[in-house]
Protein chains: 4
Amino acid sequence: MMGPCADADAERRPPGRPRSADADRAILQATLELLTESGVASLAIEQVAARAGVAKATIYRRWPNKEALILDALAGTVDEKPIDLPGTSMRDDLVALVQGIVGRSVHTGRGQLYAWMVAESERNPHIAHKYKSLVVERRRELISSVLRHWQERGELRPDIDIEIAELLVTAPMLVYRVHWNPGVEPPADLAAQLVDAALSGIAAPQP
Amino acid sequence: MMGPCADADAERRPPGRPRSADADRAILQATLELLTESGVASLAIEQVAARAGVAKATIYRRWPNKEALILDALAGTVDEKPIDLPGTSMRDDLVALVQGIVGRSVHTGRGQLYAWMVAESERNPHIAHKYKSLVVERRRELISSVLRHWQERGELRPDIDIEIAELLVTAPMLVYRVHWNPGVEPPADLAAQLVDAALSGIAAPQP
Amino acid sequence: MMGPCADADAERRPPGRPRSADADRAILQATLELLTESGVASLAIEQVAARAGVAKATIYRRWPNKEALILDALAGTVDEKPIDLPGTSMRDDLVALVQGIVGRSVHTGRGQLYAWMVAESERNPHIAHKYKSLVVERRRELISSVLRHWQERGELRPDIDIEIAELLVTAPMLVYRVHWNPGVEPPADLAAQLVDAALSGIAAPQP
Amino acid sequence: MMGPCADADAERRPPGRPRSADADRAILQATLELLTESGVASLAIEQVAARAGVAKATIYRRWPNKEALILDALAGTVDEKPIDLPGTSMRDDLVALVQGIVGRSVHTGRGQLYAWMVAESERNPHIAHKYKSLVVERRRELISSVLRHWQERGELRPDIDIEIAELLVTAPMLVYRVHWNPGVEPPADLAAQLVDAALSGIAAPQP
DNA sequence: CACTAACCGAGACGGTACGTCGAGTCTTAAC
DNA sequence: GTTAAGACTCGACGTACCGTCTCGGTTAGTG
């Protein structure tokens, strides 16, 4: 018979002193603070170490380089609270979604970091992948589930590709906020206008 | 009659040796080369100077810092050749436009630089302004003139705000290329699909 | 009786990696080499670093500026071997001393550095102090002990101030070598001539 | 018949605009000012040009480099007023001379410059030569003429080499002021003490 | 309890680039 | 041909971080 410690397949604890969880927390928090205070470009590991009250080596023992640290710091903070949908109609749900999605990256000041990720994506596939799974796919899951829900209920055209619909609904607000008017609050009714246009199209009706 | 000194409006040449136009060219070209070779983050003024065959001071005499140099280097190269529109219908024009606009920033490898500008915009209003006038407004002028043209001809709904229409038409492709699939060639028919969806809307027709 | 913790006077080692003694040596040696090869004026920290195979920061961590480095480099090399005196008479001792003292600063090529120290002394009290303790006082100790020795034995006038005697004996050779004929070997009998003149005076004897 | 301009043998005036004598003066004066204000090491031609209200090229047209300029600036200012000798006895003349000679280089703040010249002499023969003719020989002429004068009158030992006597009389004060006590006023009677010791010697008289 | 192994802080290490300064030269237009 | 002005190349300055290393010392599990 086996005793209570039959952990044959348990993961072996490595010998030696285990890494300090306090250090982990302090480093990530210091990183986030400095990131929001001074931006990605001027983030210095030495400052992170100083603020976290930690040796530089302690950081490099956990992350291979600056990028990895930033990525992890970000990962811990994306979109905590869900967006609540009215559920009364597709139009209402989409307006709430468009409003909420964009609000997130802007109000948390994370917009700059996302843009940095996009910029680095071209050269650093790790960042590209992280950005996709962290930001893009989280958004897409949200919006696509809503769209599919209303497609089953007949409010979304059955012949439309969900991917196309996602783009049509979310991209305009994103571009407006991030590219056209960075840092400016959009008009309150913009989300509604965009969703309405996406729903009914912009072509003049055939006579 | 004018006297011999009628150069009231002549622009005074400043005293001293004029700045070398050769140096200007060499610096900007070297910057652009290094930018495309190694990215924004790792661009070093010393390397620019070395490649341009120019002293570092010669660069700093012209631009106060790295950002200003990059901005100027970019400015000289945006959107040289026009996009030719078929003109046969609004749909055909928009498809050509959507195809063309995005192709530009991607095939020239300028995508990363634009993302960098967006990232820096939050902290550096100069960059924000430059990005707007250089990238955003150029695109918008193009698309809005086309839209207005077809609105007069009755193909675009007369009650639609042009700005909303611009977003609906261009944003989806931008988001697809830049955020969803950075560096990947989109399916050939994507532009058409997006434009068609924008034109006719995604809502199921009322019975 | 002492308790178990009687290490009250133990010197605490500072935390962190200790400075490399190899680097110390390499830097000082490189400094000395460049100093003798190219002179004080054209000594460049960057070249010192390059020759010592050391990073520039490693130098600046130890010395606040070029002057301090030069001073330390000098300090390590002053007057290693003693001058041996015959001891047969005051005259013989002084001739040997005068010969030897000046030979030192000249044959080691240190003459230029001493002149540089004198020149900087006016503006930099640190250098003034270092020059005094390093060069002047070392010489003076030597000569004054010899003079005192022979004063006790009645060969030096008992009413003469030792300081005056020091000057009278050593200054002429110094001025000859450094000011009148820089870099030229003096006649072999100059030391003897100068000492003899200093001993017996230059005034014609009273009839 | 010849006109009023029959300057057949006159030295040909070169064509073009003659060099401005004002510029010469302004440059030399500015150099001297900056030299006394900030020392040799930190003298910058650019600052000289700025203060003199002159272009840098105007300086380089006249002097090949910084050293040459400094040398010329110095040359214009050495020993303006003569030292007046009492003439009552050799002892009185020598005391006045010793007093006066050293006072010069010190009270005019020229001491540092002389030391700089000595330091550079080793590597730059031009400076060595200039120092010799400008400083050393001027002093030596003065002192040697006095010594010769009194030798003829029997106050200086007839068998003594003038050169030796010069050294014995002037070197001690020089070393005292420049090497032992830079920037400090010597005791009022030091000159007398030194001269007296040089005259009568420091050896105890034979019984 | 001693041993071992990995952790911790501190900070030095070789590098690379920063943005500034000055040297000495060159190129304008004006005189 | 000289002048003021200011550009040019070159080389060094002193600083800031990078990512790595070496210290003395700590903190777990294992023998």
Side-chain angles (χ1 to χ4, degrees), chain A residues 12-20 22-23 42-50 52-66, chain B residues 12-23 42-50 53-66, chain C residues 12-20 22-24 42-50 52-66, chain D residues 13-20 22-23 42-50 52-66:
Chain A
R12 303 292 283 124
R13 284 253 294 55
R17 174 176 173 177
R19 296 207 179 145
S20 155
D22 285 1
S42 60
L43 180 82
I45 294 274
E46 296 210 332
Q47 287 173 11
V48 173
V54 142
K56 244 195 318 177
T58 301
I59 298 181
Y60 280 106
R61 202 171 289 121
R62 290 161 163 76
W63 295 275
N65 51 45
K66 215 197 299 197
Chain B
R12 301 292 284 127
R13 279 224 343 30
R17 176 174 173 178
R19 300 224 174 129
S20 157
D22 285 1
S42 61
L43 180 82
I45 296 271
E46 296 212 331
Q47 287 173 13
V48 173
V54 141
K56 239 191 324 174
T58 301
I59 299 181
Y60 282 107
R61 202 173 289 120
R62 290 160 162 77
W63 295 276
N65 48 48
K66 216 194 294 197
Chain C
R12 300 293 286 123
R13 283 244 306 55
R17 176 172 172 178
R19 302 227 172 125
S20 156
D22 285 1
D24 279 50
S42 60
L43 180 81
I45 296 273
E46 296 213 330
Q47 287 173 12
V48 173
V54 141
K56 239 193 321 177
T58 300
I59 298 180
Y60 281 109
R61 204 172 287 123
R62 290 162 162 76
W63 295 276
N65 49 49
K66 216 193 294 197
Chain D
R13 283 262 276 65
R17 173 174 172 179
R19 293 204 182 153
S20 155
D22 286 0
S42 60
L43 179 83
I45 295 272
E46 298 209 331
Q47 288 174 10
V48 173
V54 142
K56 240 191 330 171
T58 302
I59 298 180
Y60 279 106
R61 198 170 293 116
R62 289 160 163 79
W63 295 276
N65 50 45
K66 213 198 301 198

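Fair warning: this is a prediction, and the values are worked out from it, not measured in the lab.
Closest heavy-atom contact between A/Ala49 and A/Ala55: CB-C, 4.3 Å.
Residues passing the side-chain hydrogen bond (donor to acceptor under 3.5 Å, both in side chains) test with D/Asn65: none are found, sequence neighbours excluded. Remark: C/Arg62 pairs with C/Asp24 by the side-chain hydrogen bond (donor to acceptor under 3.5 Å, both in side chains) rule, at least two apart or across chains.
Taking side-chain N and O atoms only, A/Arg61 has a distance below 4.0 Å to OP1 or OP2 of E/dC8. For F/dG29, neither phosphate oxygen OP1 nor OP2 lies less than 4.0 angstrom from any side-chain nitrogen or oxygen of A/Arg17.
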Protein heavy-atom contacts under 4.0 Å, written 5' to 3' over nucleotides 10-15 of chain F as B (base), S (sugar-phosphate only) or - (none), form the string B-SBBB

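Taking the nucleotide of DNA chain F with the nearest heavy atom to each of B/Arg62 and D/Arg62, the more 5' of the two is matched to D/Arg62.
Distance CH2 (D/Trp63) to P (E/dG24): 14 Å, rounded to an integer number of Å. One can place CZ of A/Arg19 at 13 Å from C1' of E/dA5, the figure rounded to the nearest angstrom.
Looking at heavy-atom distances under 4.0 Å, B/Thr58 makes contact with a base.
The backbone N or O of C/Leu43 sits less than 3.5 Å from a side-chain atom of C/Lys66, completing a donor-acceptor pair.
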